[in-house]
Amino acid sequence: MARHSDQGPNNDACAITTQKDGTATDVELHTWDGPNDPDNPFNWSPLYKWTLTITVCFISILTGLPAGSYGAGNELMAPRFSVQNEPFPNLFWATCSWNVGAAVFPLLFVPLTENTGRMPGYFAAYLIFEAFLFGSAFADNFATLVITRFFGGGASSVSINIVGGSISDVWRGDKARSLPMSLFGFTSVAGIALGPFIGSAIMQIRDPPTGLRSPWRWIFYIQIIYNAGLIPIFYLILKETRGDVILAKRAKTLRKSTKRPIYALSELNHPSTIELLKISFKRPTKMLLTEPVVTFFTLWISFAWGILFLFFSSVVQTFSTNYNFSTMQTGLVQLAITVGALIGTLINPLQDYLYLRTAEKNIEKPGRPIPEGRLYTSVAGSLLFTGGLFMYGWSSRPSVPWIVPTIGVAIVGIGIYSIYMGVVNYLIDAYEKYAASALSAASLGRNVFGAFLPLASYSLFENLGYGWAGSLLGFIGLALSAVPVVLVLKGREIRAKSPFMREATYDGDEEAEKPNPVVTGGVGSAGGGEDEGGDKEAGILKRSRDGEVEVV
């Protein structure tokens with residue numbers, strides 16, 4: 001049994017008893033030195049918190065850019081690699097492989113950062129990302145490009161996933177986390193959407209169209225240069241944000257200096273790597289197949305994410321045909337998605353205000369906001385998303401000024417941002433302990449859609465015509481808009497019938513110690529949630545009742 005006591009110089013430590021292989025060992029539990037411990041990331045200065053937040057959000061932009069910048073070089077890559085890009089967009093296979101890597105890698109590698117911390121994960125992923133940009137730049141055949149893009153997309157996604165974790169590590173509570181998460185949501189969309197513009201701008205380099213100085217290779221060269229140059233800056237600015245890892249390092253230092261058995265809680269019974277990987281794969285899959293909310297939310301966000309990538313090819317197709325736009329001009333048009341995401345970010349504080357107001361009406365848990373309060377602006381955003389697709393399709397014709405379909409693209413951008421934020425925030429609130437698994441399922445789905453939906457772009461718009469192709473996509477978007485509406489109207493009943501939601505809810509004392517969720521973005525999947533402290537803490541309490549570890 002454990003007894004609270006002052007153990008020497010560290011009055012934040014208490015004695016606990018671990019039982020392993022039938023033996024008992026007394027150790028000292030090392031925790032924060034009171035609520036104002038300066039090492040606790042929640043207690044860091046607002047200036048540094050914002051410096052860190054802006055820096056990691058900048059990383060999410062940098063690692064997202066290659067997803068869309070690649071396509072700007074298609075005109076030169078097609079003859080170089082002898083790849084036919086019409087009527088089937090074969091060159092898109094390299095973007096498809098990027099998204100497949102982005103879907104798979106976080107499930108494999110993000111759980112490993114539970115024990116290693118955020119910073120090793122950042123820099124390992126960033127260096128791998130940089131290395132495979134180098135491989136793409138010097139690719140001598142298309143197969144090499146597809147393979148290097150697969151690994152580059154995977155490393156990019158891992159890096160972006162850790163960004164969400166860093167933000168949740170330093171900002172405590174929904175209100176404090178609101179603006180940082182809005183900024184992260186914006187950079188998750190904008191990092192991808194800015195890619196075509198960056199790529200088309202680089203393609204203006206007047207170098208020979210073939211050889212190692214070809215402009216399409218400069219798309220990779222330039223990104224290699226500025227990403228490499230920023231690594232030392234990131235190293236100087238960033239420091240470990242994961243509380244468990246900070247405590248474990250402090251405990252290790254104390255063990256060496258005092259020769260006493262001082263351990264952080266995370267060191268005593270943390271899951272093994274195999275256990276983490278099992279959770280990372282098994283639970284999201286089960287939730288995707290058995291939880292209707294996760295299933296339909298995954299379809300909702302996946303379709304929106306697929307449209308984001310579909311625009312990479314369809315905007316070039318429609319604007320070059322109808323308005324004779326050049327590669328640079330079509331890249332500028334695609335900036336409209338980023339403008340739409342920015343507008344969505346500016347509107348998001350209204351969503352947060354409406355969400356916090358629902359606490360007054362919560363009869364289940366008075367004083368706590370209702371999860372469905374996260375969806376109010378997403379309902380409107382989903383309808384805007386649908387309307388933007390109709391507008392883009394039917395106005396894409398020479399008789400209509402180019403600005404009209406461009407506005408349609410911007411409206412779609414607003415919708416994508418609002419859908420993304422609605423899905424992420426609702427799944428966190430509704431599933432709490434299992435938020436990471438729910439987000440992993442949704443993220444896996446959206447990256448798969450981002451990989452394969454754009455392959456139909458050319459045939460869709462060529463065979464149906466721009467208007468009816470936009471209408472088909474719009475009708476699908478309209479049908480999926482029913483998902484948030486149903487939850488707003490029937491969310492309480494749906495949550496009551498879900499075994500996962502009932503089990504995942506924090507109650508009583510757990511609520512006071514509830515960890516911040518880990519939110520992912522961009523092109524990757526969620527990593528953390530229950531594994532970030534929620535379920536892990538609960539798991540230790542369960543194991544203590546079984547006699548493995550006892551803490552009082």
Side-chain angles (χ1 to χ4, degrees), residues 174 185 283-305 344 347-348 350-387 414-446 449 474-507 511 514 517 519 526 529:
D174 293 330
R283 188 175 290 156
T285 303
K286 183 177 180 180
M287 295 179 77
L288 188 60
L289 297 176
T290 64
E291 285 287 300
V293 170
V294 176
T295 302
F296 284 103
F297 262 51
T298 298
L299 288 174
W300 189 33
I301 184 60
S302 296
F303 181 70
W305 214 251
I347 296 172
N348 199 63
L350 171 63
Q351 167 58 58
D352 292 329
Y353 171 77
L354 295 174
Y355 167 70
L356 294 173
R357 284 285 301 273
T358 63
E360 303 169 2
K361 304 175 183 178
N362 193 342
I363 60 177
E364 297 174 274
K365 294 184 177 180
R368 283 191 61 189
I370 301 170
E372 288 72 40
R374 293 289 196 183
L375 301 174
Y376 294 149
T377 58
S378 293
V379 173
S382 191
L383 294 174
L384 282 173
F385 174 74
T386 298
I414 297 173
I416 291 172
Y417 173 85
S418 63
I419 291 170
Y420 173 76
M421 292 301 294
V423 168
V424 167
N425 287 322
Y426 181 84
L427 291 180
I428 288 172
D429 280 5
Y431 287 95
E432 297 193 302
K433 292 178 186 176
Y434 302 139
S437 294
L439 288 168
S440 291
S443 188
L444 179 64
R446 78 170 183 261
F449 267 66
F475 282 126
I476 296 173
L478 182 62
L480 291 172
S481 296
V483 173
V485 174
V486 170
L487 278 167
V488 168
L489 297 177
K490 299 291 183 180
R492 184 182 174 190
E493 292 89 334
I494 292 172
R495 283 187 282 112
K497 294 177 181 178
S498 167
F500 263 105
M501 290 187 188
R502 291 197 305 269
E503 183 184 343
T505 302
Y506 287 98
D507 292 309
E511 180 62 30
K514 173 182 173 182
V519 188

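All values below come from the heavy atoms of this structure, side chains included, with hydrogens, waters and symmetry mates left out. As the structure is a prediction and not an experimental result, all values here were calculated from the model.
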Query raised in the report: Is Thr358 reaching over with its side chain to a backbone N or O of Pro369, donor-acceptor style, under 3.5 angstrom?
Result: no

Query raised in the report: Rounded to the nearest 0.5 Å, how far apart are CG of Asn425 and CG of Asn348?
Result: 7.5 Å

Report task. Output every pair passing side-chain hydrogen bond (donor to acceptor under 3.5 Å, both in side chains) with a member in residues 288-299, not counting sequence neighbours, ordered by first then second residue. Result -> Glu291-Tyr431, Glu291-Ser498

Report summary line: Sorted by chain and number, sequence neighbours left out, side-chain hydrogen bond (donor to acceptor under 3.5 Å, both in side chains) with Thr377 holds for Gln351

Query raised in the report: Who are the side-chain hydrogen bond (donor to acceptor under 3.5 Å, both in side chains) partners of Ser302, not counting sequence neighbours?
Result: none

**Report entry** Inter-residue atom distance Trp300.CH2 - Phe297.CZ, 0.5 Å rounding
**Finding:** 5.5 Å

**Report entry** Which atom of Gly185 lies closest to which atom of Met421, heavy atoms considered
**Finding:** CA-SD, 3.7 Å

Query raised in the report: When rounded to the nearest 0.5 angstrom, what distance separates CD in Glu360 from CD1 in Ile370?
Result: 10.5 Å

Query - Heavy-atom closest contact (Ser418 atom, Ser378 atom, distance) - result: O-OG, 2.9 Å

Query raised in the report: To the nearest 0.5 Å, what is the distance between CG (Leu350) and OH (Tyr376)?
Result: 12.0 Å

Query raised in the report: Is it true that the side chains of Asp429 and Tyr355 contain a donor and an acceptor less than 3.5 Å apart?
Result: yes

Query raised in the report: Listed by chain and number, what are the ring pair (Phe, Tyr, Trp, His ring centres under 6.0 Å) partners of Phe475, not counting sequence neighbours?
Result: Phe390

Mind listing the side-chain donor-acceptor pairs of residues 476-494 below 3.5 Å, one per line with the distance, residues two or more places apart or on another chain?
from	atom 1	to	atom 2	distance (Å)
Ser481	OG	Ser382	OG	2.7
Ser481	OG	Gly477	O	2.9

**Report entry** Value rounded to 0.5 Å, distance of CG in Leu299 from CZ in Phe449
**Finding:** 6.0 Å

**Report entry** Residues in side chain to side chain contact (heavy atoms under 4.5 Å, CB included) contact with Ile414, at least two apart in sequence or another chain
**Finding:** Ile343, Leu384

Query raised in the report: Minimum heavy-atom separation for Ala438 to Leu427, with atom names?
Result: O-CD1, 3.8 Å

Report task. Compare every heavy atom of Ala304 with every heavy atom of Ile419, then report the nearest pair and how far apart it is. Result -> CD1-CB, 4.1 Å

Query raised in the report: How would you list, by chain and number, every residue that makes a side-chain hydrogen bond (donor to acceptor under 3.5 Å, both in side chains) with Tyr426, sequence neighbours excluded?
Result: Glu372

